[in-house]
2 protein chains.
Amino acid sequence: MSESTGGTRQRIQAVALELFTEQGYEKTSLREIAERLNVTKAALYYHFKSKDEIVSSFADDRLRRMDELIAWAAEQPATLATRRTLIGRYADSMFAGELPKVMRFFEQNQTLLKSLVVGQQMRDRMMRLAGELSRGDESPAAQLRAALTLFAVHSSWFAVRAPGVTDEERKKIALEVADELLARIGDGD
Amino acid sequence: MSESTGGTRQRIQAVALELFTEQGYEKTSLREIAERLNVTKAALYYHFKSKDEIVSSFADDRLRRMDELIAWAAEQPATLATRRTLIGRYADSMFAGELPKVMRFFEQNQTLLKSLVVGQQMRDRMMRLAGELSRGDESPAAQLRAALTLFAVHSSWFAVRAPGVTDEERKKIALEVADELLARIGDGD
DNA sequence: GTCTATAAAGGGATAGAC
DNA sequence: GTCTATCCCTTTATAGAC
């Protein structure tokens, strides 16, 4: 209860995430975030000790979930069934709650993957996830297919431009295409 | 001949493109670019009237090539053969000369696609290209496959992590995976 | 927990000498 | 074609009052 001081911290996170995603992290100033919330910059610094700590604050949760997913995958056999379940679980997390927003933020701010520590961690988790999806087939084509599978889930948000498509339908389409790609992994022998 | 004053303009373009891609457009200052070239900021402003004009200067050429490609595709029948030739030509341009560097720049600076005019133009061309790739099959799945096809060509640069892979091999792998995706477009009837 | 005020630095861009 | 010098603005971040 000692943390629920009106939820200002959460409001800062929400506004920052939105502006960082739409305009870019570098182009969004703390002044702009503060103005949207009708507070001052100094108030922001009470809740976060720097600009990039705001990013870490909402990315850490996402990192934890990815770690869980990767750990689970590492214990499974490298079969098509495992890969399908893995991408299915990943898609579930990408279409639930606030997590897709965080992933969209990183997609829009690719250069942060290099300059911020939390960005490097996110990059690392994505590569590990792709590694699990192609485990058992070390061919270059398999690596590409694994990466595209993840991108299929992400890009279903914007690549499917038809009007009136629900989230559930987007997920279904993404998994349909992903399954086709996964089916081609590991059949080289 | 009146423009060949030592190629300073080209050197500025090359350094800017590299730094913009590696660190991000917003994070790279004109001072930093000038220092790398051992000139002053004012010298940069003799060649380009603003920071974003540097971007336009190397993006315009890329835009022209994409326009040509889109115009060509629009005249062809919406068949699998056309789609395969189209993605093949696109891959050729992505693996030749300086063009891939420009595309990597835009990938790393996604937010510029919104804020810069030339970015909006590039975004528009990519969507048109995807449109040509899925023309004749307006299903959401076809749109997703078309987008993934383009991404397959782009991502072959970083998703294929095996050492010692040549550009030619990357292209071949990308087109192999792209062809599988394209084969699923337009067979809904 | 939020404020005012300010420090310290760096950004893009321009004027005018050479 | 490049320089020095400078303008004006915004940025992140901090100090200290309330």
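Reminder, nothing fancy here: chain letters follow the sequence lines and each chain counts from 1. Note that the structure is predicted; figures quoted are calculated from it, not measured.
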## Note on the structure
Here the distance between atom P of C/dG1 and atom CG of A/N38, to the nearest Å, is 19 Å
### Summary
Taken in chain and number order and not counting sequence neighbours, the residues that satisfy side chain to side chain contact (heavy atoms under 4.5 Å, CB included) with A/E18 are A/E22, A/R36
### Message
Tell me which pairs pass side chain to side chain donor-acceptor pair (under 3.5 Å) where either residue lies in residues 68-81 of chain A, with sequence neighbours left out.
### Response
A/T79-A/T82
Side-chain atoms of residues 95-106 of chain A: list all donor-acceptor pairs with protein atoms under 3.5 Å, sequence neighbours left out, distances to 0.1 Å.
{"residue": "A/E98", "atom": "OE1", "partner": "A/K101", "partner atom": "NZ", "Å": "3.4"}

### Residue pairs fulfilling salt bridge (Lys or Arg N to Asp or Glu O under 4.0 Å) with at least one residue in residues 112-126 of chain A, sequence neighbours excluded
A/D67-A/R125, A/D124-A/R128
### Task
Mind calculating the distance between CD (B/E53) and P (C/dG12) to the nearest angstrom?
15 Å
### Task
Round to the nearest Å and state the distance from B/L37 atom CG to D/dC3 atom C1'.
15 Å
### Query
What string of B, S and - do you get for nucleotides 4-18 of chain D, 5' to 3', if B is base contact, S is sugar-phosphate-only contact and - is no contact with any protein heavy atom under 4.0 Å?
B------SBBBB---
### Task
Could you note down all residue pairs passing ring pair (Phe, Tyr, Trp, His ring centres under 6.0 Å) where residues 135-156 of chain B supplies at least one of them, sequence neighbours left out?
A/F151-B/F151, B/Y90-B/H154
